[in-house]
Amino acid sequence: MTAVDFAAFVDRLAQVSGEVILPFFRTAIGAEDKSRGGVFDPVTEADRGAEAAMRRLIAQTFPGHGVIGEEYGRDRPEAEYVWVLDPIDGTKSFISGLPTWGTLIGLMHRGQPVYGMMAQPFTRERFYGDGKRAKLRTLAPSRGEAPPSEWTTRALRARSCASLREATLMTTSPLLIRDAADRAAYARVENEVRLIRYGGDCYAYCALAAGFIDLVIETNLKPHDVVALAPIIEGAGGLISTWDGEAAAKGGRIIAAGDRAVYDEARRLLLAG
């Protein structure tokens, strides 16, 4: 069985998670702080309910598969196939009523990411890829005042960018780069680019795959933050790794770029210290 055989099942996971999450969005939902006195790290009933729903469906359909999830931890992480789930990547945006969040659904085969989706049920977008190609499915624009009713799918392609001087850089927040040396390294890159945007979480990586921005730099990521995004970025022709050039699947300090020239130039600056 190849990774592409799982595409329809990933759509089902996106559907069941969205059905749990959407009723809570832009409501007076409460948030618990998981940090226990550290940097605010919210979790909501929507996060937990969506991951539980996806785990149930995986267990029913593929009982031999493992699962790694943000909210409920690891179950058989040594299995041949392992699902890596982040029910709401961008919970801070979610509780603030902003649509820059998404459900991350990744699949690893023998430890390597082979398929990923970022599903945004509010905007009705699904970004997905298998490392060789990546696509976006969304509602097609309608004419006049009629609501959109037809789906459209298009290929994703990261854009060319000759140098950092022409690049658009995104990071969720420089304040999340807590190590002083890492923060200084990030600043070296930020000082060279044409445009900087903050926020976005997983949405920033999908904007890169869609050809709208050129570079994403972050630190302190966990596998559930990045496994689903790697096949999308690479399927769109981009690059994603740790700052040290290692595979991104284990998380840590992550850089993603749409063009090799920008990737190489940014990594030189990040590692210059």
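For Asp244 and Thr242, the side-chain atoms include no donor-acceptor pair closer than 3.5 Å. Judged by distance alone, the side chains of Arg126 and Gln15 do bring a donor and an acceptor atom under 3.5 Å apart. A donor and an acceptor atom, one from each side chain of Thr100 and Asp201, are nowhere located under 3.5 Å apart.
Within the 3.5 Å criterion, the main-chain N or O of Arg188 finds no donor-acceptor partner in the side chain of Asn191. In terms of modelled atom types and a separation under 3.5 Å, the side chain of Asn220 and the main chain of Leu176 share a donor-acceptor contact. For Asp33 (side chain) and Asp41 (main-chain N/O), a donor-acceptor pair under 3.5 Å exists by modelled atom type.
The shortest distance between side-chain heavy atoms of Leu221 and Glu218 falls below 4.5 Å. Side-chain contact between Phe9 and Thr61 is present, with at least one heavy-atom pair separated by less than 4.5 Å. Taking the side chain as every heavy atom from C-beta outward, Ile68 and Leu85 never approach each other to under 4.5 Å. Within the 4.5 Å cutoff, side-chain heavy atoms of Cys202 are placed close to those of Leu229. Counting only heavy atoms from C-beta outward, the side chains of Leu164 and Leu269 approach each other to under 4.5 Å. Pro42 has its side chain out of reach of Glu32: every pair of non-hydrogen atoms, C-beta onward, lies at least 4.5 Å apart. Side chains of Thr123 and Tyr203 form a contact here, defined as non-hydrogen atoms less than 4.5 Å apart. Counting heavy atoms from C-beta on, the side chains of Tyr263 and Ser241 come closer than 4.5 Å.
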### Stepwise side-chain contact (heavy atoms from CB on, under 4.5 Å) check, Tyr198 with Thr172
CA-CA 5 Å; Tyr198 298 148; Thr172 300; over 6 Å; no
### Task
Walk me through it: do Glu265 and Arg268 pass the test side-chain contact (heavy atoms from CB on, under 4.5 Å)?
CA-CA 5 Å; Glu265 193 175 352; Arg268 281 195 294 271; 3.9 Å; yes
### Trace of the side-chain contact (heavy atoms from CB on, under 4.5 Å) decision for Glu71 with Thr44
CA-CA 10 Å; Glu71 307 307 334; Thr44 70; over 6 Å; no
### Query
Does the pair Asp47 and Thr91 meet the rule for a side-chain contact (heavy atoms from CB on, under 4.5 Å), with working shown?
CA-CA 8 Å; Asp47 294 84; Thr91 303; 2.9 Å; yes
### Query
Given the rule in the ring pair (Phe, Tyr, Trp, His ring centres under 6.0 Å) test, do Phe6 and Tyr115 qualify, once you have shown the distances and angles that lead to the verdict?
CA-CA 8 Å; Phe6 291 107; Tyr115 195 86; 8.3 Å; no
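Here Cys161 contributes atom SG and Arg260 contributes atom CZ; the two are 14.5 Å apart, rounded to the nearest 0.5 Å. The line from CG of Leu136 to SG of Cys206 is 8.5 Å long, rounded to the nearest 0.5 Å. Rounding to the nearest 0.5 Å places CD1 of Ile88 at 11.5 Å from CZ of Arg48. We find the CD1-CZ distance between Ile232 and Arg133 to be 14.0 Å, quoted to the nearest 0.5 Å. The distance from atom CD of Glu51 to atom CD1 of Ile21, rounded to the nearest 0.5 Å, is 10.5 Å. Between Ser17 atom OG and Arg55 atom CZ the span is 13.5 Å, to the nearest 0.5 Å.
At most 12 heavy atoms of other shown residues, nucleotides or ligands fall within 6.0 angstrom of atom CZ in Arg124. The environment of CD in Glu78 is crowded: more than 12 heavy-atom neighbours from other residues, nucleotides or ligands sit within 6.0 Å. When the shell of 6.0 Å around CZ of Arg76 is examined, it contains more than 12 heavy atoms from other residues, nucleotides or ligands. Around NZ of Lys135, the count of heavy atoms belonging to other residues, nucleotides or ligands within 6.0 Å does not exceed 12. More than 12 non-hydrogen atoms from other residues, nucleotides or ligands lie less than 6.0 angstrom from CD of Glu19.
Counting all heavy atoms, side chain and backbone alike, Gly18 lies closest to Pro23 at O-CD, 4.3 Å. Minimum interatomic distance between Val193 and Ala167 (heavy atoms only, all atoms of both residues): CB-O, 3.6 Å. Minimum heavy-atom separation, Ala236 to Ala134: N-CB, 3.7 Å. Summarising the geometry of Pro121 relative to Leu22, their closest heavy-atom pair is O-CD1, 3.7 Å, with the distance given to 0.1 Å. For the pair Val227 and Leu107, the tightest heavy-atom approach, listed with the atom from each and the gap, is CG1-N, 4.5 Å. In this structure, Thr219 and Asp182 approach most closely via the heavy-atom pair CG2-OD2, 4.1 Å.
Residues Leu215 and Ile196 share a hydrophobic cluster, clusters being chains of Ile/Leu/Val/Met/Phe/Trp/Tyr side chains in contact below 4.5 Å. Residues Ile233 and Val10 do not share a hydrophobic cluster, defined by chaining ILVMFWY side chains whose heavy atoms lie under 4.5 Å apart. Residue Met108 is not grouped with residue Ile240 when hydrophobic side chains (ILVMFWY) are merged at heavy-atom distances under 4.5 angstrom, including chains of intermediate members. One hydrophobic cluster, built from ILVMFWY side chains closer than 4.5 Å, cannot hold both Ile254 and Ile177; they sit in different ones. At a threshold of 4.5 Å between side-chain heavy atoms, the hydrophobic network of Ile, Leu, Val, Met, Phe, Trp and Tyr places Trp243 and Leu239 in one connected group.
Taking the six-membered ring where the residue is Trp, His65 and Tyr81 present parallel rings, their angle staying beneath 30° rather than reaching 60°. Taking the six-membered ring where tryptophan is involved, the planes of Phe94 and Trp101 are perpendicular, since the angle between them exceeds 60° and thus also 30°.
Electrostatic pairing of Asp179 and Arg183 does not count as a salt bridge here, judged by no charged N lying under 4.0 Å from a carboxylate O. Electrostatic pairing of Lys34 and Glu70 counts as a salt bridge here, judged by a charged N lying under 4.0 Å from a carboxylate O. A salt bridge is absent between Arg137 and Glu125; no separation between the charged side-chain nitrogens and carboxylate oxygens falls under 4.0 Å.
Under the side-chain contact (heavy atoms from CB on, under 4.5 Å) rule, Ile255 has a single partner from Val189, Ile217, Val216, which is Ile217. If you run side-chain contact (heavy atoms from CB on, under 4.5 Å) between Thr103 and each of Gln120, Met54, Met117, only Met54 comes through.
Remark: Tyr72 engages no residue in a ring pair (Phe, Tyr, Trp, His ring centres under 6.0 Å) (not counting sequence neighbours).
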